[in-house]
Amino acid sequence: MSYNIVKKSLILLFSGMLVTTALVNAQEKLTKYVDPLIGTGFHGHVFVGANVPFGAVQLGPTNLSEGWDWSSGYHISDSTIVGFQHTHLSGTGIGDLGDISFMPTTGPLKVTKGNVKDMQSGYVSLFSHQEETVRPGFYAVNLKRYQINVKLTASERVGMHEYTFPKSDQAHIIIDLKEGIGWDRPAETSIKKLNDSTVVGYRYSSGWAKDQRIYFTAVFSRPIKDFVVYDSLTLKPGIELTGKKVKGVINFQTTAGEKVMVKVGISPISVENAMMNIKAEIPGWNFNRVAAAADEAWNKELQKVAIKTNDNKKKTIFYTALYHTLIAPSIYNDHNGDYLGTDKKVYKNPGFTNLTTLSLWDTYRALNPLFTLIQPEKVVDIINSMLAIYQQQGKLPVWHLMGNETNTMPGYSGVPVVADAYLKGFKGFDANLAFEALKTTAMQDERGLKHVKELGFIPADSRVESVAMGLEYSLADWGIAEMAKRLNKKEDAAYFTKRAGYYKNYFDNSTKFMRGRVGEKEWRTPFSPFVARHEKDDYSEGNSWQYSWLVPHDVKGLIALQGGEKPFLKKLDSLFIAEGDMGDEASNDISGLIGQYAHGNEPSHHITYLYAFAGQPWKTAEKVRFIMDNFYTDKPDGIIGNEDVGQMSAWYILSSMGIYQVNPANGVYVFGSPLFDEVTLKLAAGKSLRIVANNNSDKNIYIQGITFNGKKHSRAYITYQELTQGGELVFDMGDKPSKTWGTAKADRP
C-alpha cells in the first residue's frame, strides 16, 4: 500500500473519529449539570419537583410551613411534606396555586394536614434531604413517618406518581382539594369516583389570581375498592361530593414493597379533557419511560446553548440557570388546543399554544430578549397569548396567572415585549392587532395613566409607586413610538416619542435623583434617596438610588440630565459604594447589594451596562464579573434574590455570554465580559452562533478587541440582526482595561 493511500486512510479514519466524537459530545446529557435545589435557600423561591419545559404541570412536594419564603411551597430549610401538588409557581414574590394535592399515608386515617405544634394530629410527614432525589423531570423522596417511597414525573399536562408502600392494613391516598399555597383559598371543590380506577373533580379557588379553575382526572393502577369523601373533617355518604373543602380518600391494604401508581391529568376546561390529556401524553404505565422522556425534553432545550469550560461548578450554575428560564411561561391549554380565556369563555383551535404565568415586569428585561435568540417559536406563542388576553380583557397583560389579570407591579410591561418582537422582525402574529393592543393599553385612564396623559407625570399624592409607575410607562412608550414609525403612523410616533421623554418630569435637578412630585413646581418631602417603604412610597421594591437609572431607552438623555458624562460616571461610581439606611419598611426584595445597587431585584439589572454608554466599558466588565462570581453559586442559596420566574437566571445567561439588551425593545446587546471560553447558540433556521473568548480567565476579564465573522468589531454593542446571522463572535481578553476598544463616541451604544 502506498504512503499516500495510507495517509488518506488515516485522515479519513481520524476525521470519522472526530465526527463521532463531536456527535457524542453534542448528545451529552446536559441535565446532569442541573441542580434544582439551587435557589431553594435564601429568597430564591424556586419550584422543586417534576415538570417538563413550559409544562402546565409542576408536580412536587409542598412543605407544612407558610410565608414569603414558601411562595413556591418549598424551602430547603424545611423537613415537612403535606402533599404532592400539581401546580406550583417558581420564583415569585407571592404564593399561589398548589392545586390537587395527593398524599399517601399509612395507619389511622387523618384528613387534615396537621400543624407545627402537633404534627401527629394530621397527615404531614417529615423527610430528609439525604433521602430526596431531585433532577429535571423527576422527584423522589421517602416519607419518614410512613416509610413510603414516592417517585414523581410528568409530561406537559399529566403528573405521574409511583408510591412504594410498606406492608399495611391501613394504607391510604388522600386527595385534598382544600389545600393550596400562599394566598390561595378554595372557593368550590368537587370530587367523584367515576369507576373502579378513576377519580375526577375540580377545584375553583381565589388567591393572587382571583378566579382560578382547574379540573383533574386521576387514573389508578389498582382497583379502587374503598373510596370515601369528606367535607373538611366530616365524613359524607356516597362516592361524590361538592363543597368548599372537599377531600377524597382511597383506602386499601398493601404488601411490603407494593407499588401503586397514579396518573393525574389537569385541564382548565373539563374532566373529560383532563382524561384526553392522559390518553394523549401518558397512555401506559411505564414510569421510567415517562421520566426518561421528561429528561430528554429538558436535554433538548438545554442543548440550545452549549458552553465550554473546565469548571464543572460553573457548568452547574449555568445549566441550572438555563433550566430555571424554561419553567415558565407555562402551558394553559389542553392537548387539543382548548383553553379558558380571561373572559372565562372556552377557546378552541386558536392556532397557538396558550400560555400563562406571565411575570412581565420581571422578564421584559432579560428573559424575553433571551427567548428571541434561543426560543423563537416560544416568542410567537407568548405574543399571540398576550394579544388574545388583550382581546378578552381590553388591555395587554400586566401579570397574568391562570386566566386572571393580577395587575401586579407598576407599568404595562407587556408593551416592550410585544414591541421588541415586532421590531426584531418576528412573524406569526397580527402586527396591526399588536399595535392596536399597545396603543389601547397605553391610552387607558387606570393606574395613573389619566395623569400621564393630562400632566405628563403621576402626582405622588395620587397613588403609591408614582415614580416607578411613570418610569415604566416612559420606557414602554418608546417601544410604541418605534413600532408606530415602522408602521408609518406618524402622529402616533410623535405622540409616544413625547411620552417616552416624560421620565424627565420625575428628575429633580437640585438633587439629581428621580423623585415623587406633587405638582408642577413641588416635590414630595421629606426626601431621602436611601429610604424605601414597601408599597407606601414613590418606588416599587426599591429606593431613589436604584430607580434614578431606570431610563434604558434613552441613556444619552439620562446622561444629559446628570450634567454630562463626567458627572454621570461619578454618580454611577457612587451608586456602587453609597451606604445608607433603607429603613425598617424596606422590601425584602432589595437584596444583593453593592452599595445601593441591588442585584436581587429587577430595576437594577441593566445598570452595570450603563458604563458602556459613557465610554468606560471596562467598568461594566468589572461589575458583571463580580456579580456572576459572587451572587450566583452552586449552593441552595445560590441566587441572591427572588428568581422572579426566570429573570434572575436570564441575566446570568446573557451576561455570561458577554451580552445584555439594555433597552428592552431596541435589539441592541451591550457587551460586558464573557465568562466562558466558548458558547454556541442554536438559532432559528438551523443557524448557530459561536462565541469565543480567547485568553479568558478569572483575571482576564477585560475585552481588548472583538471580531465578528472575521471582521474587526470596534463597537461596544452588537445588534440582534447581527447575532441572528450566526457565525463567530470572538473576544480577545486581557487583565487590564483597554482604553481604546469601545470607548470612542461612535462605538458606544
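We count residues from 1, following the sequence as given.
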Minimum heavy-atom separation for [X] and [Y], please, with both atom names.
X	Y	result
Ala419	Ala665	CB-CB, 4.3 Å
Asn642	Gly44	OD1-O, 3.7 Å
Ser330	Ile327	CB-O, 4.2 Å
Gly646	Leu367	O-CD1, 4.0 Å
Ser474	Gly501	OG-N, 4.1 Å
Ser548	Ser544	OG-O, 2.7 Å

Quick one: does [X]'s side chain have a donor or acceptor within less than 3.5 Å of a partner on [Y]'s backbone?
X	Y	result
His599	Ile640	no
Gln704	Tyr702	yes
Thr372	Pro369	yes
Gln546	Asn543	yes
Ser673	Ile701	yes
Trp651	His605	yes
Asn601	Glu541	yes
Arg625	Pro674	yes
Glu678	Arg690	no
Tyr319	Ile307	yes

I need the [X] [atom1] to [Y] [atom2] distance, nearest 0.5 Å.
X	Y	atom1	atom2	result
Leu322	Ser656	CG	OG	9.5 Å
Asp492	Lys485	CG	NZ	12.5 Å
Met386	Leu355	CE	CG	11.0 Å
Ile317	Lys635	CD1	NZ	8.5 Å
Met483	Tyr422	CE	OH	5.5 Å
Asn666	Leu423	CG	CG	8.5 Å

Contacts of Glu643 meeting side chain to side chain donor-acceptor pair (under 3.5 Å) (sequence neighbours excluded), chain-then-number -> Ser649
Can you confirm whether [X] sits close enough to [Y] that some side-chain heavy atom of one is under 4.5 Å from a side-chain heavy atom of the other?
X	Y	answer
His553	Asp477	no
Ile706	Leu729	yes
Ile594	Ile627	yes
Trp298	Leu326	yes
Asp629	Leu675	yes
Leu558	Phe613	no
Thr31	Arg135	no
Phe496	Glu482	no

State plainly whether the residues Lys314 and Asp698 are in salt-bridge range, i.e. N to O under 4.0 Å.
yes
Note to self: Strictly below 4.0 Å, N to O, side chains only: are Lys29 and Asp295 in salt-bridge contact?
What the structure shows: yes
Check against salt bridge (charged side-chain N to carboxylate O under 4.0 Å, His left out), Lys745 and Glu565: CA-CA 11 Å; Lys745 285 190 181 291; Glu565 288 182 0; 3.0 Å; yes
Please say which of [options] ends up in a side-chain contact (heavy atoms from CB on, under 4.5 Å) with [X].
X	options	result
Ile38	Thr633, Asp637, Thr320	Thr320
Glu722	Phe708, Tyr717, Tyr669	Phe708
Thr743	Ser714, Ser738, Pro737, Pro617	Pro617

| message | Apply side-chain contact (heavy atoms from CB on, under 4.5 Å) to residues Leu681 and Met657 and explain how you reach the verdict. | response | CA-CA 10 Å; Leu681 304 182; Met657 295 191 296; 3.3 Å; yes
(request) May I ask you to establish whether Lys623 and Phe576 are in a cation-pi arrangement, using a distance under 6.0 Å from NZ or CZ to the six-membered ring centre and at most 45° from the ring axis? (result) yes
Across all chains, not counting sequence neighbours, the ring-ring contact (aromatic ring centres under 6.0 Å, His included) partners of Phe47 are His88
Compute the centroid of each ring, for [X] and then for [Y], and state whether the two points are separated by less than 6.0 Å.
X	Y	value
Tyr597	Trp545	no
Phe731	Phe671	yes
Phe568	Trp549	yes
Tyr652	His324	no

| field | Side chains of Glu602 and Trp361, donor plus acceptor under 3.5 Å | value | no
task = May I ask you to check whether over 12 heavy atoms, not counting those of Lys308, lie within 6.0 Å of atom NZ?
result = no
Should we count CD of Gln721 as having more than 12 external heavy atoms under 6.0 Å?
yes
I'd like to know whether Phe676 forms a ring pair (Phe, Tyr, Trp, His ring centres under 6.0 Å) with Phe318, so could you lay out the CA-CA distance, the side-chain angles of the two residues, the decisive distance to 0.1 Å, and finally the verdict. CA-CA 10 Å; Phe676 301 109; Phe318 181 89; 5.4 Å; yes
Determine whether Gln647 and Ser359 satisfy the following criterion, side-chain contact (heavy atoms from CB on, under 4.5 Å), listing intermediate values before the conclusion. CA-CA 9 Å; Gln647 168 60 25; Ser359 182; over 6 Å; no
| message | Between Leu569 and Tyr611, does the side-chain contact (heavy atoms from CB on, under 4.5 Å) criterion hold? Intermediate values first, please. | response | CA-CA 7 Å; Leu569 288 167; Tyr611 282 108; 3.7 Å; yes
request  = Go through the steps for Met733 and Asn694 under the test side-chain contact (heavy atoms from CB on, under 4.5 Å), then give the verdict.
outcome  = CA-CA 6 Å; Met733 309 300 292; Asn694 291 327; over 6 Å; no
- Plane angle bin for Phe626 and Phe631 - parallel if under 30°, tilted between 30 and 60°, otherwise perpendicular: perpendicular
